[in-house]
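Have a look at the structure below before the remarks.
One-based numbering along the sequence shown. Atom set for the values below is all heavy atoms of this structure, side chains included, hydrogens, waters and symmetry mates excluded. Counting starts at 1 for both ligands and their atoms, in listed order. Please read these numbers as outputs of a predicted model, since none were measured by experiment.
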Amino acid sequence: MRSLKDLDLKNKTVFLRVDLNVPLEKETGRIRDDTRIQAVLPTLNYLIDQQAKIVAASHLGRPSGKFNPQLSLKPVANRLRELLSTKVILAPDVIGNQVEKLKRELNQGDILLLENLRFYPGEKANDPTFAQALASNIEAYVNDAFGACHRAHASIVGLPQLVAQKGAGFLLEKEIRNLEKLIHQPEKPFVAILGGAKVADKIPIIKNLLTKASAMLIGGGMAYTFFLALGHEVGSSLVDQESLSVCRELLNFAQQNKVELLLPVDHLVAPSLQDIQEILVVEDFPFPPQMRGLDIGPQTRELYAQKIKSARTIFWNGPMGVFEVPEFAQGTMVIAQAIASAQAFSVIGGGDSVAAVTQAGVTGQISHISTGGGASLEYLAYETLPGLEALKEKSNEK
Ligand code: AMP
């Protein structure tokens, strides 16, 4: 895979795929958090310095293949104008004659921001005709949209196959460099912490990380499927019946390969998220039938924090409990704090875990916070992504 720096971009019309899928305020349409815009500025500035003619493109929200003015990239174009001294033109469309004219008229170092790629169903369908239209008048392709690289969409997979010169932007390179450190000879002990609701989503990553990690700490709703798989009665806790046998396989695999797979030793339980006056700390099964596990308990917090503090490499995805409700947020906060104070290379992926470290005020103490939750999970599960494969000149290339 080539880097942006290996490409000859001077005076070339370059298609830059970025992930500017920023959260917008419902009422005003204002950008709530511009992290994703800030994250691609190094690549944009480099392309400006190289005097490339930049055609930038992103998706935003879920317009379901139709034009939707509420999901226009207009606020993003405005924010780019504030952050860059170069000219930023917002195209009226994604493809078509008007857009082609703007591409041809683009000056060196200027940016033409296309409208939301997902206004066309061809984007998600990786439709070859749509990819051809995106490739029109394009001489080089740069992918800096790490957060979208797990999607085999037209702008990620179809388009680069039509462009001779292609490479990875600085953000994409940085993300891969950091994630690679976790899977290629991580410094031990390597502690992986996985939480969240749905175990089924996390099975591929658990499987792969069990071959790399020294210990895996499980929390959140998904712990209860593991407990059920071990024959415990978990009351009304969240369980995924379809994943019981794979959970048993994972427990066996960990035991055979001497990876510590830890489950919570105590729990905060309540009949529902609203019944906070009835919260109990329980250590043993069976849970009363109406009770559900909603956070890890105090002993588990202590146990997991100790494991984390002795780690040299850490990966975390997924909250330890329903952290959106303050009464069930403590487990997640303790994990965030423990990772921040560990003398380790630490990587956090996934919106909820990123929100938790922000809430805990410890973002500065984390080695790498990934800009793509889904993409980082998929990379750690399969060690490649569709968007990375599409950047390779030959299928056996690194
Ligand atoms: P995921 O997208 O699978 O990482 O799940 C994140 C969600 O899991 C968050 O919204 C949490 O509220 C939820 N969650 C965490 N722990 C539990 C639990 N014990 N029971 C139900 N939901 C949970």
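Listed by number with element, the atoms of ligand 1 under 4.0 angstrom from any heavy atom of K198 are 3 (O). Within the listing of ligand 1, atoms 1 (P), 3 (O), 4 (O), 5 (O), 6 (C), 8 (O) sit less than 4.0 angstrom from a heavy atom of G196.
Not counting sequence neighbours, the partners of Y46 by the ring-ring contact (aromatic ring centres under 6.0 Å, His included) test are F170. Residues satisfying the salt bridge (Lys or Arg N to Asp or Glu O under 4.0 Å) test with D201, not counting sequence neighbours, are K198.
Summarising the local packing, CZ of R248 is surrounded by more than 12 heavy atoms from other residues, nucleotides or ligands at distances under 6.0 Å.
On a distance-only criterion, P319 and ligand 1 share no N/O pair closer than 3.5 Å.
Heavy-atom separations between L294 and ligand 1 include at least one value shorter than 4.0 Å. For K202, the heavy-atom gap to ligand 1 drops under 4.0 angstrom.
With 3.5 Å as the limit, one finds a donor-acceptor pair spanning the side chains of E115 and S72.
The protein heavy-atom contact nearest to atom 13 (C) of ligand 1 is A197 CB, 4.1 Å. With hydrogens left out, the protein atom closest to atom 10 (O) of ligand 1 is E324 OE2, 2.5 Å, a heavy atom. Atom 19 (N) of ligand 1 has as its closest protein heavy atom G293 O, 2.9 Å. From the protein, the heavy atom lying nearest to atom 2 (O) of ligand 1 is D352 OD2, 4.3 Å. Protein heavy atom in closest approach to atom 23 (C) of ligand 1: V322 CG2, 3.6 Å. Scanning the protein for heavy atoms near atom 15 (C) of ligand 1, the closest one is G321 O, 3.1 Å. Of all protein heavy atoms, the one closest to atom 17 (C) of ligand 1 is G221 N, 3.2 Å.
Contact annotation: the side chain of L7 never approaches that of V14 to less than 4.5 Å [non-hydrogen atoms, C-beta and beyond].
The nearest pair of heavy atoms linking N116 to V94 is O-CG2, 3.3 Å.
Ion pairing between E123 and R17 holds under the 4.0 Å rule for side-chain N and carboxylate O.
Between L112 and the options I54, T13, V88, L102, a side-chain contact (heavy atoms from CB on, under 4.5 Å) holds for only L102.
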